[in-house]
Amino acid sequence: SLGIVNSRNNGKRMTISKSIADDLNLIDKVYAMPAEGDRKLVLCKTKIFPSAVELKITEEGKRTSYCAPFVELLTKLFALDFSKHVSRTFYDVEFDTYENNPVAVVSFL
């Protein structure tokens, strides 16, 4: 799963489940590429897309990225509603490969 916290008082961050981190072999960073029209976010260990964003992540268990600008970008691109809750979790994740690199594709439908 992928979690997003968007709170004025509790910060803005993105969490990547341990299973995604393990499948992608993530350690201290992840590359994220939003696909606005498809409402999807592609995560990978290497920068396989030229416009992917590099995000620093914690290195134990689930991975957390304290990336307020990226959370704000995802909130705007995918029209995520945080008016009633400060966090959202997305469970629709598919694994694939792109140019021989494992990727996780998170759907924001």
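With rounding to the nearest 0.5 angstrom, the SG atom of C44 is 10.0 Å from the CD atom of E99.
The environment of CG in D28 is crowded: more than 12 heavy-atom neighbours from other residues, nucleotides or ligands sit within 6.0 Å. In K45, the NZ atom is crowded: over 12 heavy atoms of neighbouring residues, nucleotides or ligands sit closer than 6.0 Å.
Summarising the geometry of K40 relative to S107, their closest heavy-atom pair is CG-CA, 4.1 Å, with the distance given to 0.1 Å. Heavy-atom minimum distance, P34 versus F78: CB-CZ, 4.2 Å. The minimum heavy-atom distance between E59 and I27, with the atom names listed, is CG-O, 3.3 Å. When all heavy atoms are compared, the tightest approach of I20 to S1 is CD1-O, 3.5 Å. Considering all non-hydrogen atoms of both residues, S51 and M33 come closest at OG-CE, 3.2 Å.
Under the 4.5 Å side-chain heavy-atom criterion for grouping Ile, Leu, Val, Met, Phe, Trp and Tyr, I57 is connected to V53 within one hydrophobic cluster. Clustering ILVMFWY residues whenever any of their side-chain heavy atoms sit less than 4.5 angstrom apart, transitively, puts L55 in the very cluster that holds L77. Cluster annotation: V71 is not connected to V86 through the hydrophobic network of ILVMFWY side chains, with a link wherever side-chain heavy atoms come within less than 4.5 Å. Under the 4.5 Å side-chain heavy-atom criterion for grouping Ile, Leu, Val, Met, Phe, Trp and Tyr, L26 is not connected to I48 through any hydrophobic cluster. F70 and V30 fall within the same hydrophobic cluster, where Ile, Leu, Val, Met, Phe, Trp and Tyr residues are linked whenever their side-chain heavy atoms come under 4.5 Å apart, directly or through other members.
In this structure, the side chains of L74 and L41 come closer than 4.5 Å at one or more pairs of heavy atoms. In this structure the side chain of L43 reaches within 4.5 angstrom of the side chain of V106, judged on heavy atoms. Inter-residue side-chain proximity for C67 and M14 is flagged as met; some heavy-atom pair is nearer than 4.5 Å. By the 4.5 Å heavy-atom criterion applied to side chains, P102 and L24 are counted as neighbours.
Legend: ring pair (Phe, Tyr, Trp, His ring centres under 6.0 Å) pairs involving residues 86-107, not counting sequence neighbours, sorted by first then second residue: F49-Y98, F90-F108. Each ring pair (Phe, Tyr, Trp, His ring centres under 6.0 Å) pair with one or both residues in residues 16-46, not counting sequence neighbours, would appear here, but there are none.
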Cut-off 3.5 Å, no hydrogens considered: what does the side-chain donor-acceptor table look like for residues 2-12, sequence neighbours left out?
{"residue": "N6", "atom": "OD1", "partner": "K12", "partner atom": "NZ", "Å": "2.7"}
{"residue": "N6", "atom": "ND2", "partner": "T75", "partner atom": "OG1", "Å": "3.1"}
{"residue": "S7", "atom": "OG", "partner": "N9", "partner atom": "N", "Å": "3.2"}
{"residue": "S7", "atom": "OG", "partner": "N10", "partner atom": "N", "Å": "2.8"}

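Comment: K56 engages E54 in a salt bridge, judged by a side-chain N to carboxylate O separation of less than 4.0 angstrom.
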